[in-house]
Visitor: 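Before I ask anything, let me first share the structure, which is written out below as structure tokens.
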Amino acid sequence: MRIATWNCNSIRSRVDRAVALLERHDLDVLALQETKCRDDQFPLLPFEQAGYEVAHVGLNQWNGVAVVSRVGLEQVEVGFPGQPTWGSGDAEAVVEARALGATCGGVRVWSLYVPNGRSLEDPHLGYKLAWLEALRTAGAGWLDAQPEAPVALMGDWNIAPTDEDVWSVEFYEGRTHTSPAEREAFRAVVEAGYADLTREHTPGPGTYTYWDYTQLAFPKRRGMRIDFCLGSPALAARVEGAFIDREERKGKGASDHAPVVLDIA
DNA sequence: ATGGTCGCGATGCGA
């Protein structure tokens, strides 16, 4: 079974790339983030014609996550238990479209779009940390209830867990994604029982999944590793390999993220 | 080859 995660940065603008990705890698499951559309705007037909089912949650032009599967799509769950709300200014606090769970071929797949944090002084960083703590709590609960369940926490974590995961440690000093608090929040999810399933198969340094659109970051190899598949012990025991599809970041019309692909027995 | 932001939706915001 082959599962993958990709922050597509608008599914409407990259539906052709998404379907080509499914076919190029013979994917069984694809978790998408930043679809940037409402449910009624999601381009379902190309996926269905390619033989896939889709579950999606999108409230507006921001965020949006989906699970695409050709091995079943059951027990679809919008948001995880205890997922924090967000609302700034006059906006009413809402549970944003950042988490979607579905059982695909016996694996509990979560497509996750962790809040960005924006800056170290921004309230959004507190939201990010609370969101991750709530995810850790929910994830620990799932393992308590079903220790042998294969669970995949896949998505854009918006955290570079180690110094090796950024092109320049100095560049990110004073910015989000590398702060001790964010790294601790990521580590807490790992320590709750969800191992990073891709790192040993995609060693660094210089191994990234995201490159900013500006400043020629991609050709200059100035990236970050922020997209991960974390897995429960039962899933970790089944991992056969992983790779980052750096080719997908090339060319006109690419997302700023590359897909991360995982092979499991 | 991989090339000095992009997408959405409104002229700004979020990443």
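Lettering of chains follows the sequences in order, A, B, ..., and the numbering in each one begins at 1. Please read all numbers here as calculations on a predicted model, not as lab measurements. Only this structure's heavy atoms are used, side chains among them; waters, hydrogens and symmetry mates stay out.
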Visitor: Just how far, in rounded Å, is P of B:dG7 from CZ of A:Arg17?
Guide: 10 Å

Visitor: Is a donor from one side chain sitting under 3.5 angstrom from an acceptor on the other, for A:Gln33 and A:Thr5?
Guide: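 On atom types as modelled, these side chains qualify, holding a pair under 3.5 Å.
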
Visitor: 5'-most contact on DNA chain B: A:Ile11 or A:Pro115, nearest heavy atom basis?
Guide: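 The residue closer to the strand's 5' end, by nearest nucleotide, is A:Ile11.
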
Visitor: Does OP1 or OP2 of B:dC6 have a side-chain N or O of A:Arg14 closer than 4.0 Å?
Guide: no

Visitor: Round to the nearest Å and state the distance from A:His124 atom NE2 to B:dG14 atom P.
Guide: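 Rounded to whole Å, this separation is 9 Å.
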
Visitor: Identify, residue by residue, the members of residues 218-227 of chain A with a heavy atom below 4.0 Å from DNA chain B, and return them in order of residue number, or none.
Guide: A:Phe218, A:Pro219, A:Arg221

Visitor: In this structure, how many angstroms lie between the P atom of B:dG3 and the CG atom of A:Asp212, rounded?
Guide: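 Between P of B:dG3 and CG of A:Asp212: 15 Å.
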
Visitor: Taking atom CD as the centre, does A:Gln146 end up with more than 12 heavy-atom neighbours from other residues, nucleotides or ligands that are less than 6.0 angstrom away?
Guide: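 Open: at most 12 neighbouring heavy atoms sit under 6.0 Å from CD of A:Gln146.
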
Visitor: Measuring only the P atom in each nucleotide, how far is B:dG14 from B:dA10? A whole number of Å is fine.
Guide: 14 Å

Visitor: What orientation do A:Trp86 and A:His124 show, parallel under 30°, tilted 30 to 60°, or perpendicular over 60°?
Guide: perpendicular

Visitor: In whole Å, I'd like the distance from the OH atom of A:Tyr172 to the C1' atom of B:dA15.
Guide: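 Answer to the nearest Å: 12 Å.
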
Visitor: What is the distance, to the nearest angstrom, from the CZ atom on A:Arg249 to the C1' atom on B:dC6?
Guide: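 Atom CZ in A:Arg249 sits about 10 Å away from atom C1' in B:dC6.
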
Visitor: Which part of the nucleic acid does A:Tyr210 contact within heavy-atom distance under 4.0 Å: base, sugar-phosphate only, or nothing?
Guide: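 The answer is nothing, as A:Tyr210 stays clear of every strand by at least 4.0 Å.
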
Visitor: Which listed nucleotide (B:dG7, B:dG14, B:dT5) is nearest to the side chain of A:Tyr213?
Guide: B:dT5

Visitor: Using a cut-off of less than 4.0 Å, is there contact between a side-chain N or O of A:Gln215 and OP1 or OP2 of B:dT5?
Guide: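 Yes, such a contact exists.
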
Visitor: Which nucleotide, B:dG4, B:dA15, B:dG7, lies nearest any side-chain atom of A:Leu216?
Guide: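 Ranking B:dG4, B:dA15, B:dG7 by closest atom to the A:Leu216 side chain puts B:dG4 first.
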
Visitor: I want to check one thing: is the phosphate of B:dA1, taken as OP1 and OP2, less than 4.0 Å away from some side-chain N or O of A:Arg246?
Guide: no

Visitor: Mind checking the C1' distance from B:dC13 to B:dG9? Whole angstroms is fine.
Guide: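 After rounding to an integer number of Å, I get 10 Å for this pair.
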
Visitor: What is the distance from CD of A:Glu96 to P of B:dG14, rounded to the nearest Å?
Guide: 11 Å

Visitor: Salt bridge check: are A:Asp28 and A:Arg70 linked by an N-O gap of less than 4.0 Å?
Guide: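 Looking at A:Asp28 and A:Arg70, the cut-off is met.
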
Visitor: Tell me: CG of A:Asn9 to C1' of B:dG14, nearest whole Å?
Guide: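 About 10 Å, once rounded to whole Å.
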
Visitor: Can you tell me the distance, in whole Å, between the NZ atom of A:Lys36 and the P atom of B:dA10?
Guide: 15 Å

Visitor: By side chain to side chain contact (heavy atoms under 4.5 Å, CB included), which residues pair with A:Phe171, not counting sequence neighbours?
Guide: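 For A:Phe171, the residues satisfying side chain to side chain contact (heavy atoms under 4.5 Å, CB included) (neighbours in sequence not counted) are A:Trp167, A:Ser168, A:Arg175.
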
Visitor: Would you measure the distance from the P atom in B:dG7 across to the matching atom in B:dG3 and give it in whole Å?
Guide: 14 Å

Visitor: Should A:His56 and A:Ile11 count as side-chain neighbours, where that means a heavy-atom distance under 4.5 Å?
Guide: no

Visitor: Run the side chain to side chain contact (heavy atoms under 4.5 Å, CB included) test on A:Lys128 and A:Leu132 for me, step by step, so that the C-alpha distance in whole Å, both residues' side-chain angles and the decisive distance to 0.1 Å come before the verdict.
Guide: CA-CA 6 Å; A:Lys128 179 180 195 173; A:Leu132 287 160; 4.2 Å; yes

Visitor: Show me the donor-acceptor pairs within less than 3.5 Å that the side chains of residues 98-109 of chain A make with the rest of the protein, sequence neighbours left out.
Guide:
from: A:Arg98; atom 1: NE; to: A:Glu96; atom 2: OE1; distance (Å): 2.7
from: A:Arg98; atom 1: NH1; to: A:Tyr113; atom 2: O; distance (Å): 3.2
from: A:Arg98; atom 1: NH2; to: A:Asn63; atom 2: OD1; distance (Å): 3.1
from: A:Arg98; atom 1: NH2; to: A:Glu96; atom 2: OE1; distance (Å): 3.3
from: A:Thr103; atom 1: OG1; to: A:Arg108; atom 2: NH1; distance (Å): 3.0
from: A:Arg108; atom 1: NH1; to: A:Gln75; atom 2: O; distance (Å): 2.7
from: A:Arg108; atom 1: NH2; to: A:Gln75; atom 2: O; distance (Å): 3.0
from: A:Arg108; atom 1: NH2; to: A:Glu77; atom 2: OE1; distance (Å): 2.8

